[in-house]
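Written below as C-alpha cells is the structure these notes are about.
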Amino acid sequence: HYLAPPGLVVRAMLPPGTLERIELFAVASEGRLEDGDHSELLAAVAAGGPEGVDVDALPSGASRATTLRALRALEADGALALEWRVVPAATRPRQERWAVITASGREAARTLAQGGKPDGPALGPRQRALLAELGDPGHEGEEVAARLGERHGSSAVPGLVRRGLLELEVRTRERRPLAGRAEPLRGTRPAGSELDEAQAAAVGVVRTAIEEGRGETLLLEGDTASGKTAVYAEAIATCLAAGRGALVLVPEIALATPLLDRLRYDLDVEVALLHSAMSDGERADEWGRVARGEARVVVGTRTAVLSPPEPLGLVVVDEEHDPAYKADRTPRYQGRDVAVALGGLAGVPVILGSATPDIATVGAARDGRLRHLRLRGRRSGAGVDVEVVDLRAELAEGNRGLLSDPLAERLEALDRSAGERAILLINRRGAASVVLCRDCGYVQICPECQRPLVFHASVVALRCHHCGASAPVARRCPACESVRIRYLGGGTERVEQELRVRFPTLRSARLDRDVVERKGAAARVIDDFTAGASDVLVGTSLVAKGLDVPEVTLVGVVSADIALNLPDERAAERTWQLLTQAVGRAGRGERPGRAIIQTYQPEHPAVVAVAEGDSEGFVEAELARRRRFGSPPYGRLIKLTVALPERAAAEAAALGMVHRLRQRAAEREARVSALGPVPAYIARRGGRWRFHVVVRGVDPAALLGGDPGAPWSVDVDPESLL
C-alpha cells in the first residue's frame, strides 16, 4: 500500500537492537605500522589486533566519508584489509547476580536466631545480619547481590558463598519503563460502574463485535469530556474477560502515560508501554513481554501498532484525527489506517475515537464504510464558554504583548485558593519566531533549509525546527552590520517569560517538543500540573490533547492563526480540531470554564465554528469542498518528492516525472491527474533542493506502478502537501 521496500517494512516491525547488523571492519596487515599521511589511523586499526576494529569505532576528527577514503587508500596500498561482517544485535538482556540462601544457610540462620553458633569458623557481624535477613521465615530467601552488598558490606556475600551458605545466580532483569512510576494520581471510575445511555449503547456494539469476532471499524465521536475513555475501559474489560488482549494507540508520547494511568486504575491490568522515546533496551524488553503474552494490554504511539498482543481482541485509536499517527520516514505508514487493516486481518473491532474526527473519516462513515457512534454533551463538569478576542483591536489600543487584556484579566482572577488552573496554548516553540535587522530587514535563516531560524531563550541560540541545526545569535546584521536586531513573534518560551513578568505569583510550567525530548520530563510536567504544583501550563498542541484536570477553569489560545493560512488543504481542518480540543480542556470540574481564543481572523469559518459550537456546519462545508476537488475521502493522493543537490536538476527530474505520469494516464484513460511540480514548502533540506509532484485520483498507485526509486521519496495518503 505504501510502496515501501520490504526490508524497511520488516525492520519497522521489530524494535531496535533485535536484528543482526552488517558492519565494516578494518584489519591491519602484519608489520605495516608506518604510513606518512595516515599513521594515526593505521595505528588505531592495528590496536584491534587480528580481529580488527569496527570502522565506526575508529577515533577520528574527520567525517565518516573522509575516514573511509583514507581506509580505502590504505587498503589499496596493502596496509590493511576491509571486510563486512554480520554482528549480533546491539541490545542484550540486562543481567544481574542474585544471592540465594542454601539449605545450609537456612540452618545456620535458625541456629543464630536461637542464640547458637553455626558450625565452622565464626561469622562476622555483617555476615550474621545478612543471614538473619535472608533466613527470616517471611523473606523469600533471595536478593540482588549488589543490594545486599550496599546494606551489609561488599565482602559479606562472597564470604558466605565460599562457606556454602549462599549461592549466586545470574538472572535477566527486564528494563521496565513504568517500574518507578507511582500509582495513578486520579482515576475516572472502576470498570462496570454506571454508564449513560449513549455510552452503554456504544459498549454494546463493541461487545457484540468482540463476541462475534467481527473486524468492524467504529468511529466513536464524542464531545470533549463526554466519556470516550470510559467506553474504552469497558470495551477493554470485555476483551480481557474473553481471554484476549487489547491495543490502545495515542498520537503523542506525552499522552501515553495519562491514558495508561487511567487504564491501570480502572482495570488493574498488566500494561506494556511502547514509544520511540524509550531506550532501545526498554523497547526490546517491552516488545518481548508482549510477544510472550505477559502483557495483555499495549499502550503506545504509532509504533505500537506493529506490536499487538496475541490473541488480539480489540484495537483503540484515541484522537484518531491527529497527524502524528503518520510516519515521516519510510515506510511512511498512517498508524490509524494500519490499525484498521490489522483489525480486519485479526477479525477484531477497531474503535476510532475523537471529539474532532478526521474529515476523511467522517466522510467514510457517511458513505457506509464504517459505523458511526456518537456521544453528545459532557458527561461531567460545568461546561465552558468561548470568547473570541480580535487581536487587531488589541493592537489598535496599544497592546503589543502576547496576552490580550481579556486573557490577562482572567489570569489575574484565577482563584488559586480553590485550586483553579489555566492552560495557555501557542503552537510554536521558542521565544521569537523571526530575528531580523530593523535597518535592512535581513532575517537569519537556516543555511540548509532556507527557513527562518527560531530564537530559544533557554539556550540563547537560534534553532531550525525542520533540520535541527543551531547557530549563535548575530550581534551585528550579517548583511549591513547594523546592531539594531529585533525579535519578532513568539513561542512557548516567550509566553512563559511574559507570564512570569506580568504575574510573578503564578507558578508556570512548559510542555513542548523541547521538553518532551528529555526523557521522563513530559510525564513530570503533567504530573505536577495535575497535582497542583503549577498553576499555568504553557505549551504547544500537546496541552490540547488528553489532559483531564477538573481544576482547569481557563484556557487561552494565544494565537489561532499560526497554522490557519499555511498553503495546505487541511490547514482549516487542523485549526478547527486544535481549537476544539483546547477549548475542551476547561470546565471539566464543578466550576464553569472559560476559553479565550486570540486571533487576527475572528471571521474565519474554523474560528466561528468553534466559537458557536457548529462542528456539523464546518464538517459539511469541508466535505463539499473536497468532493469538488476529489480530495480524501472522495479520492486518493500520493506525494512524490525529488531531492537533488542542484536546483535545476531537481526541477528537471520533477518535470520529467509529471510528463511520464500524464502520458500513462492518457494511454490508460485513467481518472488520475499529475499536478506540479512545485517547490516544497521547505525548498532545501540536507543540502538538497526539493520539488513535489502530487498524483490525485481514484487509484493513483496503479498509475505510478511502484516505487520510483532514488532520488524520489513516496508518501501515500499524505497528511500534508507542504
Side-chain angles (χ1 to χ4, degrees), residues 186 223-225 254 258 355 378 380-391 394 399 401-428 490-512 525-562 575 578-599 602 607 610-613:
R186 177 188 289 108
D223 298 337
T224 51
R378 288 177 174 244
S380 60
V384 57
D385 292 326
V386 181
E387 176 183 355
V388 177
V389 175
D390 189 342
L391 291 180
E394 289 284 316
N399 183 359
L402 292 177
L403 305 179
S404 65
D405 289 341
L407 180 55
E409 291 171 4
R410 297 292 298 190
L411 285 168
E412 184 72 43
L414 278 179
D415 188 352
R416 292 178 56 191
S417 63
E420 288 189 357
R421 273 159 249 167
I423 291 175
L424 297 182
L425 164 69
I426 180 167
N427 207 21
R428 180 191 287 132
T492 49
E493 288 186 26
R494 168 85 179 277
V495 172
E496 188 180 27
Q497 183 183 30
E498 185 171 328
L499 184 69
R500 287 175 174 173
V501 171
R502 296 184 63 175
F503 308 100
T505 61
L506 290 178
R507 300 165 298 172
S508 64
R510 179 164 53 90
L511 184 64
D512 56 23
V525 170
I526 291 174
D527 287 348
D528 287 346
F529 185 65
T530 302
S534 53
D535 305 309
V536 183
L537 181 60
V538 180
T540 56
S541 59
L542 297 173
V543 301
K545 309 168 187 175
L547 286 179
D548 184 7
V549 182
E551 293 81 7
V552 172
T553 56
L554 174 63
V555 167
V557 179
V558 178
S559 176
D561 307 308
I562 289 176
T575 299
L578 179 62
L579 296 181
T580 303
Q581 294 282 342
V583 166
R585 300 307 110 200
R588 290 172 170 250
E590 296 178 355
R591 292 172 173 259
R594 186 78 172 176
I596 297 177
I597 300 174
Q598 301 183 167
T599 175
V607 176
V610 176
E612 298 181 356

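Residues: numbered from 1 along the sequence shown.
The two residues R500 and S508 come nearest to each other via the heavy atoms NE-OG, 3.1 Å. Between P592 and T553, the shortest heavy-atom distance links the atoms O-CB, 3.9 Å. Closest heavy-atom contact between T575 and A560: CG2-O, 3.7 Å. In this structure, V583 and A595 approach most closely via the heavy-atom pair CG2-CB, 3.8 Å. Scanning all heavy atoms of the two residues, the minimum distance from V543 to R585 falls at O-CG, 3.6 Å. The minimum heavy-atom distance linking L578 with S541 is given by the pair CD1-CB, 3.6 Å.
Here the side chain of R421 pairs a donor or acceptor atom with the backbone of G419 at under 3.5 angstrom. A donor-acceptor contact shorter than 3.5 Å is absent between the side chain of E498 and the backbone of G401.
Summarising the geometry, atom CG belonging to L414 is positioned 5.5 Å from atom CG belonging to L554; distances are rounded to the nearest 0.5 Å. To the nearest 0.5 angstrom, E590 atom CD is 10.0 Å from E551 atom CD. Here OG1 of T492 is found 9.5 Å from CG of L511. Values are rounded to the nearest 0.5 Å.
Under the salt bridge (charged side-chain N to carboxylate O under 4.0 Å, His left out) criterion, R588 pairs with D548, not counting sequence neighbours. Residues forming a salt bridge (charged side-chain N to carboxylate O under 4.0 Å, His left out) with D535 (at least two apart in sequence, or on another chain): R416, R507. Scanning for side chain to side chain donor-acceptor pair (under 3.5 Å) contacts around D390 gives R392, with sequence neighbours left out. For T580, the side chain to side chain contact (heavy atoms under 4.5 Å, CB included) test picks out T356, W576, V610, with sequence neighbours left out. Looking at residues two or more places apart in sequence or on another chain, you find a salt bridge (charged side-chain N to carboxylate O under 4.0 Å, His left out) between E387 and R594. Every residue meeting the side chain to side chain donor-acceptor pair (under 3.5 Å) condition with S417, not counting sequence neighbours, appears here in chain and number order: D415. Listed by chain and number, the residues in a salt bridge (charged side-chain N to carboxylate O under 4.0 Å, His left out) with E420 are R591 (sequence neighbours excluded). In this structure, S559 has no side chain to side chain donor-acceptor pair (under 3.5 Å) partners at least two apart in sequence or on a different chain.
Exactly one of L542, L537, D512 qualifies for a side chain to side chain contact (heavy atoms under 4.5 Å, CB included) with V525. That residue is L537.
V555 has its side chain out of reach of L425: every pair of non-hydrogen atoms, C-beta onward, lies at least 4.5 Å apart.
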Can you give me every donor-acceptor pair (side chain of residues 403-412, partner residue at least two apart or in another chain, under 3.5 Å) with its distance?
from	atom 1	to	atom 2	distance (Å)
S404	OG	L407	N	3.4
S404	OG	Q598	OE1	2.7

